Amino acid sequence: MTKPPAPRRHLPTSPFKAPVAPLAKHFSLGDRVSHDRYGLGRIIGVEDGIAMLVDFGSRQARIVSPYTGMDKL
């Protein structure tokens with residue numbers, strides 16, 4: 001097995017702009033959400049910044065941080 005590559009560092013002398021870190025998404029218990037893969041759902045469980053348990057009607061899914069593809073409605 002191989003390790004994933006280390007993230008690239010931005011050198012202060014580089015003529016290119018530094019990459020912007022994405023903003024962390026904040027969700028709370030009971031929020032309605034939309035997920036790219038699962039559709040519409042409601043947050044039914046919170047694991048302190050690690051994951052969210054979301055009820056999508058026909059199934060429940062554990063979505064881990066950084067919650068890509070999930071948006072608050």
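Nothing here was measured: the structure is a model prediction, and the numbers come from that model.
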Taking the side chain as everything from C-beta on, heavy atoms only, tell me whether [X] gets closer than 4.5 Å to [Y].
X   : Y   : answer
F27 : V33 : yes
L73 : R42 : no
Q60 : I44 : yes

If hydrophobic clusters are built from ILVMFWY residues whose side chains come within less than 4.5 Å, do L53 and I43 share one?
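No; I43 is not reachable from L53 via cluster members.
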Residue pair [X] / [Y]: nearest heavy atoms and the distance that separates them:
X   : Y   : answer
G39 : F56 : O-CE2, 3.4 Å
R62 : V64 : NH1-CG1, 3.7 Å
V46 : L29 : CG2-N, 4.0 Å
K25 : M70 : NZ-O, 2.8 Å
Y38 : A61 : CE1-CB, 4.0 Å

Are the side chain of H10 and the backbone N or O of F16 linked by a donor-acceptor pair below 3.5 Å?
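The answer is yes, because a donor-acceptor pair under 3.5 Å joins these two groups.
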Reported CE-to-CD distance for the pair M52 and E47, which is rounded to 0.5 angstrom
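The distance works out to 9.0 Å.
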Can I63 and H35 be said to form a side chain to side chain contact (heavy atoms under 4.5 Å, CB included), step by step?
CA-CA 10 Å; I63 312 295; H35 193 275; 3.9 Å; yes
